[in-house]
Structures are given as C-alpha cells and as structure tokens.
Asker: 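What follows is a structure written as structure tokens; I'll ask about it next.
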Number of protein chains: 4
Amino acid sequence: MLNRVILIGRLAQDPELRYTPNGVPVATFTLAVGRQYTNRQGERVEATDFIDIVVWQKLAETCTNHLGKGRLVAVEGRLQVRSYDDSQGIRRKAAEVVANDVRFLDWPKEARGSSTGGSKTTEGENFASEISFNEDEIPF
Amino acid sequence: MLNRVILIGRLAQDPELRYTPNGVPVATFTLAVGRQYTNRQGERVEATDFIDIVVWQKLAETCTNHLGKGRLVAVEGRLQVRSYDDSQGIRRKAAEVVANDVRFLDWPKEARGSSTGGSKTTEGENFASEISFNEDEIPF
Amino acid sequence: MLNRVILIGRLAQDPELRYTPNGVPVATFTLAVGRQYTNRQGERVEATDFIDIVVWQKLAETCTNHLGKGRLVAVEGRLQVRSYDDSQGIRRKAAEVVANDVRFLDWPKEARGSSTGGSKTTEGENFASEISFNEDEIPF
Amino acid sequence: MLNRVILIGRLAQDPELRYTPNGVPVATFTLAVGRQYTNRQGERVEATDFIDIVVWQKLAETCTNHLGKGRLVAVEGRLQVRSYDDSQGIRRKAAEVVANDVRFLDWPKEARGSSTGGSKTTEGENFASEISFNEDEIPF
DNA sequence: TTTT
DNA sequence: TTTT
C-alpha cells in the first residue's frame, strides 16, 4: 500500500532510451550507490550497490538528454520485482526502481572542467536488453 | 550515498528464522505490497508487488515471534541487489530490502476475532533457501 | 531540491474542510505520531508528535468523507515552513506537511465493532483557523 | 509510528554548535530547499523552503567541522514539533528535523575554486538561540 | 534572517 | 487542543 524508494548515487553508464510499441519513451540506467560499514574485524569497508532504474515518458527523454555516466542524481520511485525469461529461456527475477522523479545534483562533466567528457556512447548493453517493458509500470 | 526504502504491506507468509555460522539471527519473509493504477484502456487495475525482506539480529527474533502471514507492517530499510548461483549453478540476481525497522500496524489475527490463525507453520521454502547470508549486510 | 516526508499515525481529530476563494478544497487535520525512546535514566518512554497535515483538491474531499478522529493513516508529502501573523498580530512560524498521498491503514471505527463512533463533529478549531491558504502550496 | 523526513538542500548558514548542560554536543543549521511549481497563471515559479535542522552528538561535531554555508547535503531524520516560550514570554511553536544522518553531496568551496570561502563566521543567530534543547530528542 |  |  506504500512503496517508496529514495536513492542518491552516480550513473554507472549513460542512460539508454528506447520506445514501447506504442511509442512511449523508456530510459534505463544503473545507479551506483555507495555504502560504508564496519565489518566483523572492525575495519571500515566501502561497498557499492548497483541498482537498475527505469524512467518513463518525458522524464526519460530529459534524463537521456542531460545525464551521462558519472553524474550524481537523486532518484525517487517505487521498487518493482519482475519475473521474465532470458534469452536462454531461463526464468529470472529482476528488480528495478521505477522512478517518478530524478534530480540532478551536480553539473555535467564539461562544466566541471573535464577535457573529453560526455561522449554519450554506451559500451555494451545495460540491464534492459532482455526485458520487454510493460506500459502499466508507468508510475502515474 | 543514500539508499532508503519504505514499504507498507502484508506478510505473504510467516517469517523464517535462521542463523549464520557465527550465530547471528536472520529472518526472511516476503511482503505483498498492493498498488492501483489505471491502464491504457482507462480501467482501474489492482496489482501486487512481492518484495523480499531480510531482517537481522534482535529484530529478526521479534518479527519471527510476533508476526505471521497476513499481518500488516511498515518496513524501512535499504535496497540490496545481489548475485548468486542457484542450485543448478545458474547465476541469478536477487533483490531484497534489508530492514532496519519493522512496525506492526495491526493486531494479530487472534486479536482480530479469527478462529484458528497463527499456526506459525511455514509451507515450502521462502526466497532465502538458496542464499548464504553475508553478515556485512547487517544495516548498522 | 528534495523534500519528502512519510508519516504513519492516527488522526487527532476529524479533518476540517474549507475552500479557497477560487473554490479549491483544502482539508486539514493533526496527526498523532507515536515514538518510543530510552531516556537518560534508561527508562522506556512513550512520546507523541502532533503534526499538522494539509491536503488539497480531490484528496481533501476523500479524506474528509472517509476519515475521522482516531483513524490510522500513512501520509506522504512535503514539509513546509510558513510565517504568518496571528489574530493578535504576532508573527508566527508554522510547519505542516502538505500531503500528496494519504493511505488508509485501518477500517472505520464502526467496522471495528465500536458502539457510537464517527460522529464527525469537530470540537474546537484545528490549526488551520488562523491561516489563509496559498493555492501555490498544492503539491502537483 | 513512523516519522521519516528526507531533504536535499544547501546550508543557509554555517552550523552552530553548542552543548547541553550534560555536555552533549548539538549542532543547528537552516537548510534551503528549492522547489519549482507552476502557478495559476501557468508561470514557472521558484520557491525556497527554509527548514531548521538539529544534529546531535558525534554527527553534530562532524557537521560543524566539515560543513559551511552553501554546502549541498542530504538530511535524513524525524520531524519534530515543539512548543516553547520566546524571550518575550510568547508561546511559540517550532518545527525542526532532528537528523540521524547527513550526507555531504558536494565539495567544500575551496575545492570548488572559490577564492575566500569558508570563513566559518556566523552573522546573527540561528533559530536555536531561544530554545533549550532536550536530550530526549536525540534520535536513537 | 537565509542557500546555489 | 489532541490519537490508540
């Protein structure tokens, strides 16, 4: 009856934009969310959770146009767990955050004084490659 | 740098309690979280997300002792995505919410006027059966 | 850039519905949110925070029609701090949660087996009595 | 029974550190949280909410030592509404977020290429000046 | 009283 | 001013 996720992290790669058969834009990217904890031996450990994000409609296009790998964002959305069959026909479970809001928390690499930056070329496929999106996931 | 999940839903089955090799208690259960939306045809649709929850230490024991299938709770925690190999050796991704807080929002079935209720017998195994828990997941 | 509040508590009184000069419905009520802590002497203490809630438009009417004193709800919204002059001309600061979502977590008193219940008569005025609402507070 | 606030914004002034009679450190600062909305005339409007933050113990010292006016942070905590008598003996209501976590989201001004920066001199008093803090507010 |  |  309530399903709310708030994440702050950096894009692990550029957003990937596609369209449903009905022409609805969907963007996907993975967010790297850092975490620190103290382990059994009392040592300070850094870990990173990689969390898949799905963004729909106008926000999908805004994210694709203005965000890239490494950018810091706050994502607000809903956790969704899904079952699907992968390309080998194996049943898999996937979990993503369906975002209804993405806030940009830093400036693009260019503006931060980087040299090359923002190539917008995605190497490899992100988590969305084997999934057929359901428009009923749209969070509004 | 921030990873926060808040869920309200009902337990899909009784919590299952186990212990790590070091004797740390871990409870697991699946939460059924309802959701309504309007589909493309303008119809009101009810859907349910089933989200796996992991609870550690004293709270694990409290949940196991006081909660059962059908109970309404609010869960606060962190979203965690993990890779593991299942019993057929297939690499799988799992996602759970590691709870640091669980609030009981209704009264046990008995107190609500049910007849049998609260047998505490779990039929089958829940999502935790193939997973070896890492104590570093403990959220504090 | 992000302002998110999630509360679970019970209505301290029935919602009060009014309308802006433009005819936009606004409902207000106070939420009693329990909290436990251990004080300096190691004793377990119960405290309650009373938090003012503002609800706009259709949700305002839904809340007024279906909620009453004592009902358990989850409120999601935005924290808003406002300055205003009270009836004695003293400048005061007020804080409310402007809700964009209210979930009903229990059943009305009648359905719970109460005898009298749900009179819907509000004794006294709630916090909204001295405030002129600004439609720009509407959270969408 | 649940009281959770998550804010992202910039410090409106340097944190102010004080100590309770028992020597417990408390830091206070005001957070400027931006917000955009579209008004009745269809114009895009920028508004800022100024929200008071209270931080206790070790985190109070960390914030005071490492944060200053203008810094971007994520604050997680609990909304607290309090009554107190101001210096003229007028009963006032105050609302703050008692933070249990503060994440630093940008780098100090110096590291961002500013010239003077970080003077750490607070002009005027912040909201805490008339309040006597209650150690029972400590969020754990 | 206010931040970018 | 307050809810269970």
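Quick note: numbers below take in every heavy atom, side chains included, and nothing from hydrogens, waters or symmetry partners. In the text below, chain A, chain B and the rest are named by the order of the sequence lines, each starting its count at 1.
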Asker: Rounded to the Å, how far apart are D:I53 CD1 and E:dT1 P?
Answerer: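 For the pair D:I53 CD1 and E:dT1 P, the rounded distance is 19 Å.
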Asker: Select one nucleotide: of F:dT4, E:dT3, F:dT1, the one nearest the side-chain heavy atoms of C:Q13.
Answerer: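 It is F:dT1.
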Asker: Using a 3.5 Å distance criterion without hydrogens, assess whether the side chain of D:D101 forms a donor-acceptor pair with backbone atoms of D:E76.
Answerer: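 A pair under 3.5 Å: no.
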Asker: Let me know the distance between CG of D:L31 and C1' of E:dT2, rounded to the nearest Å.
Answerer: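 Distance check: D:L31 CG to E:dT2 C1' gives 11 Å.
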Asker: Donor-acceptor pair, distance only, cut-off 3.5 Å: does the side chain of D:D14 make one with the backbone of D:K69?
Answerer: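 Yes; judged by distance alone, with no hydrogens or angles, the pair exists.
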Asker: Just the rounded figure in Å: distance from P of E:dT4 to CZ of D:F29.
Answerer: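 It is 15 Å, rounded to the nearest whole Å.
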Asker: Residues two or more places apart in sequence or in another chain: which of them pass side-chain hydrogen bond (donor to acceptor under 3.5 Å, both in side chains) with C:T20?
Answerer: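 Expected list: C:E135.
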Asker: Considering residues at least two apart in sequence or located in another chain, which fulfil the side-chain hydrogen bond (donor to acceptor under 3.5 Å, both in side chains) criterion with D:E43?
Answerer: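 With neighbours one apart ignored, the set is D:N39.
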Asker: Between P on E:dT2 and CG on D:L7, what's the gap in Å once rounded to a whole number?
Answerer: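 Rounded to the whole Å, the gap is 20 Å.
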Asker: Measure from CZ on C:R10 to C1' on F:dT2 and round the result to the nearest Å.
Answerer: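 About 14 Å, once rounded to whole Å.
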Asker: If you go through the side-chain atoms of D:T30, does one of them form a donor-acceptor pair with the base of E:dT2 closer than 3.5 Å?
Answerer: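 Side chain to base: no pair below 3.5 Å.
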Asker: Do we count C:F50 as stacking onto F:dT2 if the rule is ring centres under 5.5 Å and planes under 30°?
Answerer: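 Yes, the aromatic ring of C:F50 stacks with the base.
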Asker: What is the distance from CD of C:E46 to C1' of F:dT4, rounded to the nearest Å?
Answerer: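 Interatomic distance, CD of C:E46 to C1' of F:dT4: 11 Å.
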Asker: Between A:W107 (CH2) and E:dT4 (P), how many Å, whole number?
Answerer: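 Taking atom P of E:dT4 as the reference, CH2 of A:W107 is at 13 Å.
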Asker: What is the separation between atom CG on D:L2 and atom P on F:dT4, rounded to the nearest whole Å?
Answerer: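 For the pair D:L2 CG and F:dT4 P, the rounded distance is 20 Å.
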